[in-house]
Undergrad: 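Handing you a structure now.
Both ligands and their constituent atoms are indexed starting at 1 by order of listing. A quick note: this is a predicted structure, and the numbers were derived from the prediction, not measured.
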Amino acid sequence: MEYQFSREFAQQCDREDPLRKFREAFIFPKHHSGNCLYFTGNSLGLQPKAVKRYLDEELEDWANFGVEGHTDSRRPWLPYHEFFSESLAKLAGGKPSEVVCMGSLTTNLHLLMVSFFRPVGKRTKILCEAKAFPSDQYALKSQLRFHGLDNSHLIEVAPREGAATLNEDDILDAIAKHGDTIAMLMMGGVNYYTGQVFDMAKITAAAKAKGIVVGWDLAHGMGNVPLSLHDWGVDFAAWCSYKYLNAGPGAVAGIFVHETHHNQSDIPRFEGWWGHDKATRFAMPETFVPIPTAEAWQLSNAPVLSMAPLRASLDIFDQTNFSELQEKTRKLAGYLEFVLETISKEERAAFSLITPKNWAARSCQVSVHTGQYGKGLFDALTARGVIADWREPNVIRMAPVPLYNSFEDIYQFGITLKEALQHV
Ligand SMILES: *Cc1c(COP(=O)(O)O)cnc(C)c1O
């Protein structure tokens with residue numbers, strides 16, 4: 001499409017945007033400049049207006065019912081996590097029985113690796129991407145140590161010399177070359193730094209063909225890119241809910257476990273009473289009988305107050321679908337890229353995108369190298385109400401989110417950027 005750097009053009013795109021009504025469902029932070037351009041939905045999604053009502057209802061039900069709220073409240077707390085499965089299954093591309101809302105991301109990764117990282121014989125290695133999000137690196141390395149293995153068992157695929165993003169062929173080559181010694185592949189489906197989206201279907205298929213167990217960290221994938229975890233044959237996945245799922249700081253996370261692993265008696269797992277068969281849970285039998293779904297991985301009863309905001313956000317996702325979301329994602333991120341390129345030319349700034357150019361390998365995140373400008377430019381933007389994210393040494397990450405960002409936000413960002421450049 002032919003983009004133009006003008007307010008009229010941006011407003012016209014907003015008028016034609018089938019998702020525009022959802023912007024009204026979110027609360028934008030206020031900034032003293034009067035300008036608030038929020039582009040950090042990849043770090044903390046905005047608060048849906050309905051969150052307050054959902055939370056109030058739980059507080060009222062707790063006040064009115066006390067312990068009986070477990071069974072008698074509007075959304076009974078006993079099965080509370082079940083009220084999320086349909087919506088999460090749609091986003092994950094799995095069956096409702098394959099997903100559970102529970103725990104926190106890094107905790108869940110560990111719980112899942114107890115089941116899915118089982119080094120035996122010469123198959124002892126983990127394949128991951130170099131410079132994975134630090135928490136994932138810590139989790140992987142501590143899992144290795146837990147099994148008495150050192151870091152030489154971690155195969156990290158790095159970008160080629162001079163490249164910012166990974167060449168997918170290098171991942172496939174590593175699978176082909178080291179496949180027989182790899183126990184598990186665990187990668188971020190969408191790279192948090194560059195925004196690169198991996199071909200999860202292809203990588204999963206290649207790894208499975210070599211007998212490798214496959215897990216994806218979808219912290220930046222869930223609610224951002226279309227997923228088909230079931231059909232791709234992914235063994236397990238985990239995500240957090242405070243980024244693109246807009247469920248608030250530290251919100252309860254979620255997992256996917258493929259149904260081929262349900263009801264398996266030989267799978268190692270750290271167990272708790274909320275994973276035990278619902279029919280006999282309160283009889284408190286001595287022997288654990290797993291629920292025949294991904295719920296078997298739950299340990300504790302649902303943290304209702306931390307989950308209620310996610311329900312408000314999923315109600316919004318339920319009213320849309322990924323073909324609409326993705327279409328806007330591309331148009332919006334493409335507009336941001338166009339505005340950055342236009343201004344870079346006009347101002348002789350050497351901005352360059354480190355996000356891949358190919359739409360199959362990117363989502364709404366745009367990571368830009370600020371050329372001759374460093375943190376000073378980022379600070380000048382922040383002072384003018386642009387909420388973006390700075391990454392050392394010289395990268396600004398921005399994620400215009402299709403549910404609540406507008407084309408006019410991008411235009412206004414361009415105006416603000418031009419002004420900020422006069423002051424650095
Ligand atoms: C955001 C993010 C995390 C954060 O982990 P928490 O356990 O939720 O604090 C972990 N891994 C990746 C890839 C992330 O993007």
Undergrad: In terms of residue, atom name and distance, what is the protein heavy atom nearest to atom 3 (C) of ligand 1?
TA: F133 CE2, 3.3 Å
Undergrad: Among protein heavy atoms, which sits nearest to atom 2 (C) of ligand 1, and what does the distance come to when rounded to 0.1 Å?
TA: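 Checked against all protein heavy atoms, atom 2 (C) of ligand 1 sits closest to K243 NZ, 2.5 Å.
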Undergrad: Under 4.0 Å, heavy-atom basis, I'd like to know which part of D136 is in contact with ligand 1: side chain, backbone, both or neither.
TA: side chain
Undergrad: Within 45° of the ring axis of W77 and under 6.0 Å from its six-membered ring centre, is that where the NZ or CZ of R75 lies?
TA: no
Undergrad: Determine, for Y54 and R74, whether the Lys NZ or Arg CZ falls below 6.0 Å from the six-membered ring centre while staying within 45 degrees of the axis.
TA: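 Verdict for Y54: no cation-pi partner in R74.
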Undergrad: Can you report which non-hydrogen protein atom sits closest to atom 7 (O) of ligand 1, along with the distance?
TA: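 Closest protein heavy atom to atom 7 (O) of ligand 1: T106 OG1, 2.6 Å.
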Undergrad: Counting only heavy atoms not in F288 (residues, nucleotides, ligands), do more than 12 fall under 6.0 Å from its CZ?
TA: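 Counting other residues, nucleotides and ligands, CZ of F288 exceeds 12 neighbours.
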Undergrad: Could you label the plane-to-plane angle of the Y335 and F407 rings as parallel, tilted or perpendicular, counting under 30° as parallel and over 60° as perpendicular?
TA: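 The arrangement is tilted - the two ring planes meet at 30° to 60°.
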Undergrad: Check whether any N or O atom of D217, backbone or side chain, sits under 3.5 Å from an N or O atom of ligand 1, and answer yes or no.
TA: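 Checking ligand 1 against D217, an N or O pair does fall under 3.5 Å apart.
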Undergrad: Pull out every atom of ligand 1 sitting under 4.0 Å from any heavy atom of H220, numbered as shown with elements.
TA: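 Answer for ligand 1: 15 (O).
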Undergrad: Look at atom 6 (P) of ligand 1 and say which protein heavy atom is nearest, naming residue and atom and giving the distance to 0.1 Å.
TA: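 Here the nearest protein heavy atom works out to Y242 OH, 3.4 Å.
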Undergrad: I need the Q196 CD to L166 CG distance, nearest 0.5 Å.
TA: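 Q196 atom CD to L166 atom CG measures 5.5 Å (nearest 0.5 Å).
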Undergrad: For a side-chain hydrogen bond (donor to acceptor under 3.5 Å, both in side chains) check, start with the C-alpha distance between D389 and S43, then their side-chain angles and the critical distance, and finish with the verdict.
TA: CA-CA 8 Å; D389 178 79; S43 183; 4.9 Å; no
